[in-house]
Structures are given as structure tokens and as C-alpha cells.
Amino acid sequence: MSATPARPVSPAKLALPLIGLAGSIAVLAYGALMTARTMGALTTALDTGAATAADVYGGQSWVVVWAAVLGAGIIGTVVAISALAVLVGFGALRGAAVEPVPVDEADAADDYVWDDDEPAASDAPDAEADEATPTRELAQRS
């Protein structure tokens, strides 16, 4: 039982999970930063005693909004990492598989064996040709 060769994935299809991963990490970081800032501002306002009703209730609402952004970044990161893991699992990052050539489709020229014992041909007019050793031209005419 032979395994099917892995098909290479185009760079555009491979770039989409990487772009998604970068974007979701950016959203995650921005959501974490804004959640921490809003919580810090709300805590400072409550500790000083100068917090108004708008600060308290508005601050809580903004914490919920930024926490939702943070959660979306976490979910996006998990999905992008999972997509990359699936691509790696199916062999998308490997090179193209080389398929073997069946024996019946082999080139007939590969079966020819050259005789390396033949003397080198010389273009000089004074070179004497050995009459007993046939050359390739004579062997092909026969």
C-alpha cells in the first residue's frame, strides 16, 4: 500500500494562516493593553474616591468591550495555529514529491552501453586507422 504524494500548497494559501496569526496576535496584544489600561484607570478612580457614576459604570462597560477584543485575539491565535498545524500535518511545507517513472516508460536510450575501449578519433591526416577495430560508423552500417 503506497502513500499518496503530498501536493505542494501555493504560497498564497500558506500565507493566509500566517497573516491571520499575525493579525490575531496584534488584536490579542491590543485587547490586553486596553483592558489593563481601563482597569487601571477604574481602580485609580475608585481608590481616590473621586469616581463618578459615569466613571464606574462606563469603566466597567469598557473593560467588558476590551476583554471581548482580548478573547477574540485569543480565539484567532488558536485557530491560526491550528490551521498551520493542519498544513504541516498534511505535508504542505515539504517539497514536491518525486514520482517514480514506471519501467515500461523508460527511455530506450538509457539501455545503450557505450564501448569505452574504442580508440579516440583523430582528425590528423597522418594518423593510421586500425583496420581490425571497427569504428562506430562501421558498426552502425552493418
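- Of all heavy-atom pairs between Leu42 and Asp55, the closest is CD1-O, 3.5 Å.
- Counting only heavy atoms from C-beta outward, the side chains of Ser82 and Val78 approach each other to under 4.5 Å.
- If you take OG1 on Thr44 and CE on Met39, they are separated by 10.5 Å, rounding to the nearest 0.5 Å.
- Side-chain contact between Pro17 and Leu87 is present, with heavy atoms from C-beta onward closer than 4.5 Å.
- From Trp62, atom CH2 reaches atom CE of Met34 across 8.0 Å, with rounding to the nearest 0.5 Å.
- For the atom pair CG (Leu16) and CG (Leu21), the distance works out to 12.5 Å, reported to the nearest 0.5 Å.
- One hydrophobic cluster holds both Val27 and Trp66 under the rule that ILVMFWY side chains link at heavy-atom gaps under 4.5 Å.
- The two residues Ala51 and Val56 make their nearest non-hydrogen contact at CB-CG2, 4.0 Å.
- Not a single donor-acceptor pair under 3.5 Å links the side chain of Thr35 to the backbone N or O of Ala32.
- Exactly one residue among Val69, Leu70, Leu33 makes a side chain to side chain contact (heavy atoms under 4.5 Å, CB included) with Leu28. That residue is Leu70.
- Residues Tyr57 and Val65 do not share a hydrophobic cluster, defined by chaining ILVMFWY side chains whose heavy atoms lie under 4.5 Å apart.
- Note: Ile81 CD1 to Ile25 CD1 = 6.5 Å, rounded to the nearest 0.5 Å.
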